[in-house]
2 protein chains.
Amino acid sequence: MAVKLNLDKLDLQIIQHMMENAEVSYADLGKKLYVSGGTIHVRIKKLEEAGIVKGTRLNADLKMLGYDVIAFIGIYLKESSLYDSVARELQKIPEIVRLNYTTGNYSMFAEIVCKDISQLRYVLHDQLQKIKGIERTETFISLEESFVRNVKVVGS
Amino acid sequence: MAVKLNLDKLDLQIIQHMMENAEVSYADLGKKLYVSGGTIHVRIKKLEEAGIVKGTRLNADLKMLGYDVIAFIGIYLKESSLYDSVARELQKIPEIVRLNYTTGNYSMFAEIVCKDISQLRYVLHDQLQKIKGIERTETFISLEESFVRNVKVVGS
DNA sequence: ATTGAAAGAGTCTCAGT
DNA sequence: ACTGAGACTCTTTCAAT
């Protein structure tokens with residue numbers, strides 16, 4: 001899974017910069033990293049071919065789109081063997097944007113994004129309760145997101 | 001915060017598509033949505049000016065970069081008034097990539113990305129314990145990420 | 001592997017509808 | 001508000017180092 005490729009500092013610097021902002025031109029990024037734009041291009045192509053880099057994504061402000069409520073849900077299963085079937089059911093609920101199988105208290109851990117509290121209540125109460133295999137859930141509503149950022153893959 | 005702007009279905013469709021893949025050309029996206037490339041351009045410019053769209057980000061595979069361990073940390077504070085000072089300390093730890101102030105059991109909820117378990121143990125044991133104001137923590141290590149996706153902002 | 005230049009593709013502007 | 005065409009910029013290829 002974690003294929004160790006020959007990545008040098010330049011590769012990591014490119015990734016670090018472009019994880020933050022992918023709209024920079026190769027020429028400009030090259031200037032910042034003291035190589036030519038052509039070298040940036042070659043490196044990115046190599047990273048794409050290796051499967052390390054998988055395109056770019058638009059960064060949209062969900063709050064401004066009306067999605068004000070983020071919550072985390074700890075899920076207790078009746079039996080841990082039900083993980084796959086519960087995961088499939090949860091994937092059908094579009095408000096659930098992430099699901100992890102975890103150690104610790106909960107069997108699984110979900111993140112949900114909703115327009116408002118009443119939509120959250122609907123998903124929690126009407127949709128999750130209907131899924132066979134879920135024993136109970138605990139919900140943690142985010143009152144404030146202090147920060148979100150990328151992991152630091154290279155020293156500055 | 002959640003400024004309700006006049007966004008029509010086309011705006012949302014553009015956002016939906018480009019949150020998934022921002023590398024599509026305006027001409028191609030226009031073809032898919034039955035408008036010209038020029039219209040896509042105008043809409044994106046409008047969304048950027050409104051602050052709804054904030055550029056694009058490179059999508060890099062953290063596992064392939066050697067960051068194999070994702071974990072969630074529920075944090076109990078001694079007093080909730082310590083939130084800001086603890087948040088500032090947590091922000092100094094580069095492995096902590098997200099922090100939310102939450103309702104429920106925990107005062108705050110963090111996400112951490114590490115290269116391996118020993119690095120995770122180091123952060124949890126040596127760094128978090130030193131922060132004044134943290135009473136105790138509960139860690140949930142992700143054994144598998146079932147899915148991560150964007151919220152659905154428009155009906156297909 | 002890196003570079004710089006030429007060819008190709010995409011973005012951006014603008015006049016017309 | 002949408003369109004299409006021209007000007008401009010960026011990506012991509014490639015021969016040379």
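Please read all numbers here as calculations on a predicted model, not as lab measurements. In the text below, chain A, chain B and the rest are named by the order of the sequence lines, each starting its count at 1.
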Close N or O pairs between protein and nucleotides 9-17 of chain D (under 3.5 Å):
residue, atom, partner, partner atom, Å
dT11(D), OP2, Y26(A), N, 3.0

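- Contact between the side-chain N/O atoms of R43(B) and the OP1/OP2 oxygens of dA1(D) is not found at any separation under 4.0 Å.
- For V42(A), there are no side-chain contact (heavy atoms from CB on, under 4.5 Å) partners, not counting sequence neighbours.
- In 5' to 3' order, the nucleotides of DNA chain C bounding all contacts with chain B (an atom under 4.0 Å from a heavy atom) are dG10(C) to dT13(C).
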Could you list the donor-acceptor pairs under 3.5 angstrom formed by side chains in residues 22-32 of chain A, with sequence neighbours left out?
residue, atom, partner, partner atom, Å
S25(A), OG, D28(A), N, 3.2

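- For K46(B), the salt bridge (Lys or Arg N to Asp or Glu O under 4.0 Å) partners at least two apart in sequence or on another chain are D11(B).
- Residues passing the side-chain contact (heavy atoms from CB on, under 4.5 Å) test with S85(A), sequence neighbours excluded: L82(A), R88(A).
- In this structure, the side-chain contact (heavy atoms from CB on, under 4.5 Å) partners of I93(A), at least two apart in sequence or on a different chain, are L90(A), E95(A), I96(A), V123(A), Q127(A), L128(A), I131(A).
- Looking at residues two or more places apart in sequence or on another chain, you find no salt bridge (Lys or Arg N to Asp or Glu O under 4.0 Å) involving K130(A).
- In summary, the side chains of S118(B) and D116(B) do present a donor paired with an acceptor at a separation below 3.5 Å, with no hydrogens or angles considered.
- For K78(B), the salt bridge (Lys or Arg N to Asp or Glu O under 4.0 Å) criterion is met by no residue, not counting sequence neighbours.
- Residues from residues 10-21 of chain A lying near DNA chain C, meaning a heavy-atom separation below 4.0 Å, are absent.
- With rounding to whole Å, L7(B) atom CG is found 16 Å from dA1(D) atom C1'.
- Taking only side-chain nitrogens and oxygens, S36(B) never comes nearer than 4.0 Å to OP1 or OP2 of dG4(D).
- With sequence neighbours left out, the salt bridge (Lys or Arg N to Asp or Glu O under 4.0 Å) criterion links D8(B) to R43(B).
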Sequence neighbours excluded and cut-off under 3.5 Å, please list the side-chain donor-acceptor pairs for residues 105-112 of chain B, or say none.
residue, atom, partner, partner atom, Å
N105(B), ND2, E138(A), OE1, 3.3
Y106(B), OH, E138(B), OE1, 2.6
S107(B), OG, L77(B), N, 3.4
E111(B), OE1, R98(A), NH1, 2.9
E111(B), OE2, R98(A), NH1, 3.3
E111(B), OE2, R98(A), NH2, 2.9

